Amino acid sequence: MDQAPGSPQEPQGAASLPTCYRHPDRETGVRCTRCERPICPECMISASVGFQCPECVRNGSGTGHAPDAARPRTLAGGTVAADPRLITKILVGLNLAVFLVQLSVGDRFTDSFDLIGRAFVPILGSVEGVAEGQWYRMVTAMFLHGSYIHIAFNMLSLWWIGGPLEQALGRARYIALYAVSGLAGSALTYLIAEPNQPSLGASGAIFGLFGATAVLMRRLNYDMRPVIALLVINLIFTFGWSNIAWEAHIGGLVGGVVIGYAMVHAPRERRALIQYGVCGLVLIAVVVMTLVRTGQLT
């Protein structure tokens, strides 16, 4: 058979190279050392011996690591999420939804779920409070607000502080920080405030986010002046205005600093144990304060 000028002649019966299982248009002579599928240079991931394909690395096959070992992690060890503000969006949505219920139902709803130690509530016609066994008030009060200005200020703070912090910690750790800081604020309010003084708002949890943000920025060697200035302004409002439960702010702030320090400074080899262990210790403190105050009021 004639051959076109300049074209190489391929020996008859010569076998072509296999193609990459992910890119069929690319020939390759390399195979995954685990599953033996052909892989091109783009799909090769260096292993202890040879190369592995992306699926074997993702599944932890033959590597001795858990399947999620190769996933990207946040500074605190959390999984990097596609939407780094999802939990913050949910929290803002929950607070706004509860506020709409407050506006629709009225004071009866608010007085049924705000934080109060022990007092007769006229609109309910009975003695109410945490000391009466209504411990749920320490949680529900975190989602109630007293006015448009109150919820607007808190939600703007939550959005501004919470989003970057959620991205740095990861969703699970961020939820733990928010919830435990809020409970610390509720517990200190219950312990110190007058038993007939109602308290409500997300401020305790948000001050916890402030505290954790300060710890995080110090850990990253960022300029601390903006967050310190904002924190000082908030503290001035806390102690300068009446009808503000400063106990919730201080309790949340202290809880946030303690938990935040554990989140960003825990050693990698036992990070989760220390992080959630510290959250557990703060919760124990919350329980102790609650039991002590309940004993005083009953």
Side-chain angles (χ1 to χ4, degrees), residues 87-103 109-111 113-117 130 136-166 174-194 197-216 226-260 282-283 285-286 289-290 293:
I87 302 302
T88 301
K89 293 175 183 177
I90 292 174
L91 289 172
V92 171
L94 283 174
N95 279 277
L96 292 175
V98 173
F99 186 65
L100 290 176
V101 175
Q102 288 182 257
L103 295 178
F109 177 83
T110 302
D111 290 346
F113 295 102
D114 60 6
L115 178 59
I116 191 168
V130 178
Y136 59 84
R137 288 176 176 269
M138 299 179 67
V139 177
T140 55
M142 295 163 52
F143 297 93
L144 299 172
H145 290 85
S147 66
Y148 290 103
I149 294 178
H150 188 198
I151 191 169
F153 187 80
N154 275 349
M155 292 305 99
L156 287 173
S157 299
L158 174 57
W159 182 257
W160 187 69
I161 293 290
L165 194 57
E166 179 184 350
Y174 178 70
I175 292 173
L177 169 67
Y178 187 92
V180 178
S181 296
L183 286 172
S186 294
L188 190 63
T189 302
Y190 178 48
L191 179 67
I192 297 178
E194 293 296 326
Q197 174 187 319
S199 174
L200 70 171
S203 303
I206 293 172
F207 264 77
L209 301 186
F210 271 117
T213 298
V215 173
L216 176 64
V227 70
I228 290 177
L230 186 60
L231 184 57
V232 169
I233 292 172
N234 277 275
L235 289 175
I236 291 174
F237 282 126
T238 297
F239 292 101
W241 284 13
S242 58
N243 298 325
I244 291 182
W246 62 266
E247 302 92 345
H249 294 188
I250 299 302
L253 179 64
V254 173
V257 169
V258 172
I259 296 171
V282 177
L283 281 177
V286 167
M289 287 188 287
T290 303
R293 185 56 166 167

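Only heavy atoms go into these numbers, but all of them, side chains included; no hydrogens, no water, no symmetry mates. This one's a predicted model, so the numbers in the text were calculated from it and none came from an experiment.
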*asked:* Heavy-atom count check: over 12 atoms from other residues, nucleotides or ligands less than 6.0 Å from Tyr148 OH?
replied: no

_Polar side-chain atom of Glu166 near backbone of Ile87 as donor-acceptor pair, under 3.5 Å_ = yes

*Val130 and Ile116: CA distance, side-chain angles, deciding distance, side chain to side chain contact (heavy atoms under 4.5 Å, CB included) verdict*: CA-CA 6 Å; Val130 178; Ile116 191 168; over 6 Å; no

*Heavy-atom closest pair, residues Met155 and Val92*: SD-CA, 3.8 Å

*Take Asn95 and Met142 through the test side chain to side chain contact (heavy atoms under 4.5 Å, CB included) and record every step on the way to the result.*
CA-CA 9 Å; Asn95 279 277; Met142 295 163 52; over 6 Å; no

_Which heavy atom of Val258 sits nearest to which heavy atom of Val282, and what is that distance?_
CG1-CG2, 4.2 Å

*Looking only at heavy atoms, which two atoms of Ile206 and Ser157 are closest? And how far apart?*
CG2-CB, 3.9 Å

*Heavy-atom closest contact (Leu183 atom, Leu283 atom, distance)*: CD1-CD2, 3.8 Å

*Looking at Met289 and Ala187, what are the two nearest heavy atoms and their distance?*
CE-CB, 3.6 Å

_Tell me if a side-chain donor or acceptor on Glu247 pairs with a main-chain N or O of Ile192 at a distance below 3.5 Å._
no

*Hey, can you tell me if Phe207 and His249 have their rings parallel, tilted or perpendicular (30° and 60° cut-offs)?*
parallel

*Is the shortest heavy-atom distance from the side chain of His145 to the side chain of Val98 under 4.5 Å?*
no

*Enter the distance from Ile228:CD1 to Phe210:CZ here, rounded to the nearest 0.5 Å.*
12.5 Å

_Donor on one side chain, acceptor on other, Asn154 and Ser203, under 3.5 Å_ = yes

*Atom CG in Leu165, atom CG in Leu209: separation rounded to 0.5 Å?*
6.0 Å

*Look up atom CG in Leu191 and atom OG1 in Thr290, then write down how far apart they are to the nearest 0.5 Å.*
8.5 Å

*Mind jotting down which residue pairs meet the side-chain hydrogen bond (donor to acceptor under 3.5 Å, both in side chains) criterion with at least one end in residues 185-194? Sequence neighbours excluded, please.*
Tyr190-Thr294

*Using atom types as modelled and distance alone, determine if a side-chain donor or acceptor of Gln102 lies under 3.5 Å from a backbone N or O of Phe109.*
no

*For residues Leu115 and Leu144, determine if any side-chain heavy atom of one lies less than 4.5 Å from a side-chain heavy atom of the other.*
no

*Does any non-hydrogen side-chain atom of Lys89 lie less than 4.5 Å from one of Trp159?*
yes

*asked:* I'd like to check Leu158 versus Tyr178 (side-chain heavy atoms, cut-off strictly below 4.5 Å). Are they in contact?
replied: yes

*List the atom of Val257, the atom of Val215, and the distance in Å for their closest heavy-atom pair.*
O-CG2, 3.9 Å

*Backbone N or O of Phe113 within a donor-acceptor pair of the Thr140 side chain at under 3.5 Å?*
yes

